[in-house]
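Right, one structure below, let's go through it.
Treat the numbers as computed from the prediction; the structure is a model and nothing was measured. In what follows, every chain begins at residue 1, and chains take the letters A, B, ... in the order their sequences are listed. All values below were derived from every heavy atom in this structure, side-chain atoms included, with hydrogens, water molecules and symmetry-related copies excluded.
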Amino acid sequence: MPAQITVHVAGSERSVDAGTTYADLFEGDRAVLVARVDGELRDLHLEAGDGEAVEPVTAAEQDGLEVLRHSAAHVLAQAVQQLRPDARLGIGPPVRDGFYYDFDVDEPFTPEDLKALEKAMQRIVNEGQTFRRREVSDADAQVELSGEPYKIELIGLKGGGADDAAEGAAVEVGGSQLTIYDNVRRDGSVAWGDLCRGPHVPSTKVLGNAFKLMRSAAAYWRGSEKNPQLQRVYGTAWPSKDELKAYLDRLAEAEKRDHRRLGAELDLFSFPEVLGAGLPVFHPKGGVVKREMEDYVRQRHIEEGFSYVGSPHISREELFYTSGHLPYYADGMFPPMDVDGQNYRLKAMNCPIHNLIYRSRGRSYRDLPMRLFEFGTVYRDEKSGVLSGLTRVRMITQDDSHSYVTKEDAPGEVRHLLDFVLSLLRDFGLDDYYLELSTRDDSKPDKFIGSDEQWDEATRILEDVATASGLELVPDPGGAAYYGPKISVQARDAIGRTWQMSTIQYDFNQPERFGLEYQAADGSRQQPVMIHSAKFGSIERFVGVLVEHYAGAFPPWLSPVQALGIPVADEFAPYLEDVVGEALRAEGLRYEVDTSDDRFPKKIRTASKSKVPFVLIAGEDDRSAGAVSFRFRDGSQKNGVPLDEAVAEIAAAVRDKRQV
RNA sequence: GCUGGCGUGGCGCAACCGGUAGCGCACCUGUCUUGUAAACAGGGGGUUGGGGGUUCGAGUCCCCCCGCCAGCUCCA
């Protein structure tokens with residue numbers, strides 16, 4: 001007679017036979033993928049224990065979704081080893097929106113291979129293989145997996161924080177007890193097995209047809225450039241076909257917003273091949289967006305107590321030895337050029353030159369805080385493989401400022417800067433963001449200068465201000481610059497992607513290296529603290545972010561063309577040109593009239609595609625009434641608006657920086 | 001930088017196993033055109049990213065550069 005045990009299932013107490021599995025507890029509910037037992041995820045086929053609190057976990061919650069995706073990774077691995085028996089297994093964790101699995105294969109995967117793998121996966125899914133957990137000793141695992149050198153390596157690393165060994169490694173060897181998961185066919189035969197911590201979904205059937213292989217690419221084993229490259233296959237998996245489709249639709253939407261595509265379509269900017277990689281040029285229309293933005297940002301800086309300064313793009317190399325950029329970050333700088341027998345460098349940072357402005361005369365405590373600001377264009381020799389549109393370029397125009405303050409005033413200045421950058425982001429329609437605190441990597445002391453005390457103090461000041469802001473704060477260990485820690489603002493755009501925008505860096509190093517000082521009230525000489533801050537980080541990147549955020553439909557104040565006149569017939573062009581044009585231009589609005597010999601519907605279409613915020617139509621009715629008809633971007637209309645009202649409406653939208 | 005894929009008129013694409021480059025949009029010209037996403041006709045424009053090679057013949061095959069895309073690594 002089986003003994004009875006007591007379990008708490010989803011909050012209610014039940015008495016069941018010993019030997020009852022978690023699957024039995026949730027019998028009939030196929031949405032349940034795993035059980036959460038006293039807070040820990042377990043496979044459904046395991047037996048429940050006396051006194052356990054058991055919760056059902058479905059793909060509706062993050063834990064369940066990750067299990068689903070990790071199981072999909074196993075199915076992929078099985079398919080790969082079916083089609084490519086030479087493939088050795090790396091790591092296969094779930095990731096945002098999907099999963100990947102790394103393989104060591106003789107030949108990289110082709111797009112055709114991915115199609116074939118997807119088919120093989122579907123067959124495995126349709127077979128309805130079950131995942132069965134089996135505990136193994138380290139020694140047995142070494143024997144069983146002798147053909148899998150990467151797995152053996154992971155076994156050797158388990159214990160002390162497997163995720164330190166390689167991102168995602170915890171899903172393979174996360175616990176102290178090694179386990180292997182066997183995929184078992186309906187006839188009981190074992191189809192495949194993999195070292196894995198688990199848990200897994202009960203059956204491959206759960207995956208249905210809601211998965212897809214996305215791409216393959218190389219990835220360094222355990223994330224290090226020094227290690228061999230494995231072939232990583234990325235896939236996505238969802239609880240249902242509909243959710244898969246919704247995800248693919250989201251990707252398609254992102255592609256439509258891609259600033260590289262819109263930049264060409266809207267004639268904003270380009271990357272001429274002869275210029276070289278990562279060097280953008282702004283066309284007249286993109287130039288308007290850039291200039292409007294810069295004008296506004298410059299004005300706001302001046303209002304906030306910054307002085308607008310200017311500095312050259314190149315300098316004698318010596319300057320960057322003083323600042324510490326050479327040799328600390330020589331890799332990121334372009335090689336020197338010889339001028340009159342001396343080495344010059346394109347600057348990679350503006351701060352050294354601002355320091356020279358500070359140092360150009362004696363400073364008093366009465367001069368502080370001294371805030372220098374400019375749009376400083378710097379050049380960085382980014383590796384070719386990382387360049388991407390406007391978001392990663394070799395020419396970076398920073399809206400860069402340096403505040404020189406007394407040590408006592410530093411926390412207040414950091415707070416001031418953070419408030420300032422956040423208010424600027426809001427003005428540009430970005431109101432969804434979080435903060436990141438980048439600190440020193442204690443294991444690489446040679447990459448950072450300054451004493452422990454200095455770093456601790458600087459980090460604490462930044463952390464205090466960031467915490468006080470009430471915004472979400474994410475740690476970024478090891479992400480600091482060599483001269484000090486930083487707060488960065490990560491902004492989410494209209495479709496949820498995040499971009500590093502503003503940075504605020506606390507620097508106690510450069511003032512010392514440059515011998516900066518001021519005379520205090522007591523007559524002593526003191527060293528100021530300098531605080532670096534870029535509000536949008538890079539103007540180029542920010543233009544790209546704006547294009548994507550607005551999907552090219554800029555708010556009127558940023559729009560290259562704010563209003564476009566379309567005559568119903570040629571006869572009304574002069575009215576739009578002269579009468580309407582004069583009124584709009586008197587308000588300083590950017591206005592054009594479509595005088596091409598296209599017919600009316602074609603002009604509407606052209607205007608639509610150009611995403612002009614205000615289309616002004618005029619025919620006989622409008623002209624005789626001294627009015628225009630509005631056509632907005634959504635296709636809606638407002639007919640017969642008296643001209644002065646029309647101008648006032650457009651001017652107000654521009655002035656208020658309102659989206660329409 | 002690494003791995004893989006890709007590079008055809010301004011843009012988006014086509015050209016079977018190598019046979020000597022075509023379509024749409026845009027552009028130019030003409031005719032037409034009074035109300036909301038494409039009037040019609042004609043025309044110009046490419047030494048197929050660059051350079052070498054194989055071949056009777058290369059957009060198609062090989063090598064080296066350059067650039068683009070994805071991922072990895074990196075991002076002061």
**Complete:** A:L251 atom CG is separated from B:rA70 atom C1', nearest whole Å, by 13 Å
**Asked** Can you check the A:L387 CG to B:rG71 P distance for me, whole Å?
**Response** 14 Å
**Prompt:** Which value, in whole Å, describes the distance between the P atoms of nucleotides B:rA15 and B:rC6?
**Reply:** 14 Å
**Item:** All ring-ring contact (aromatic ring centres under 6.0 Å, His included) counterparts of A:H354, not counting sequence neighbours
**Value:** A:H402
**Footprint string (nucleotides 28-38 of chain B, 5' to 3'): B base within contact, S backbone only, - free, heavy atoms under 4.0 Å** = ----BBBBBBB
**Prompt:** What is the per-nucleotide protein-contact pattern of nucleotides 3-13 of chain B, from the 5' end, where B denotes a base atom under 4.0 Å from a protein heavy atom, S denotes such proximity for sugar-phosphate atoms only, and - denotes neither?
**Reply:** BS--B------
**Asked** Do you see a donor-acceptor pair shorter than 3.5 Å between the side chains of A:E577 and A:T595?
**Response** no
**Complete:** Rounded to whole Å, the CE-C1' distance (A:M214 to B:rC72) equals 18 Å
**Asked** When the C1' atoms of B:rA14 and B:rA76 are considered, how many whole Å apart are they?
**Response** 47 Å
**Fill in**
Ranking A:S384 and A:G278 by the position along RNA chain B of their nearest nucleotide, the one closer to 5' is A:S384
**Request:** For B:rA70 and B:rC28, measure between their C1' atoms and round to the nearest Å.
**Result:** 40 Å
**A:G276 vs A:Y482, nearer the 5' end of RNA chain B by closest nucleotide** = A:G276
**Request:** Could you tell me whether a side-chain N or O of A:K212 sits under 3.5 Å from a main-chain N or O of A:L244, the two making a donor and an acceptor?
**Result:** no
**Fill in**
To the nearest angstrom, the CG-P distance between A:N227 and B:rC2 comes to 17 Å
**Request:** Begin from the C-alpha positions of A:K602 and A:S596 and carry the test side-chain contact (heavy atoms from CB on, under 4.5 Å) through to its verdict.
**Result:** CA-CA 10 Å; A:K602 180 62 183 294; A:S596 70; over 6 Å; no
**Prompt:** Between atom CZ in A:R392 and atom P in B:rC72, what is the gap in whole Å?
**Reply:** 12 Å
**Request:** Starting from Watson-Crick (N1-N3 plus N6-O4 or O6-N4) and G-U wobble pairs under 3.5 Å, report the runs of at least three that RNA chain B belongs to.
**Result:** B:1-7 with B:66-72, B:10-13 with B:22-25, B:27-31 with B:39-43, B:49-53 with B:61-65
**Request:** In whole angstrom, give me the gap between the P atoms of B:rG46 and B:rG9.
**Result:** 11 Å
**Request:** Could you give the distance separating B:rG71 and B:rU20 at their C1' atoms, to the nearest angstrom?
**Result:** 39 Å
**Asked** Of all residues at least two apart in sequence or in a different chain, which pass the ring-ring contact (aromatic ring centres under 6.0 Å, His included) check with A:Y433?
**Response** none
**Message:** I'd like to know if A:Y220 reaches the base of B:rG1 with its side chain, counting only an N/O donor and acceptor under 3.5 Å.
**Reply:** yes
Side-chain polar contacts of residues 498-506 of chain A - donor-acceptor pairs under 3.5 angstrom, sequence neighbours left out - could you list them?
unit_1 : atom_1 : unit_2 : atom_2 : d
A:W499 : NE1    : A:D493 : OD2    : 3.3
A:S502 : OG     : A:K535 : O      : 2.6
A:Q505 : OE1    : A:Y483 : OH     : 3.3
A:Q505 : NE2    : A:Y483 : OH     : 3.3

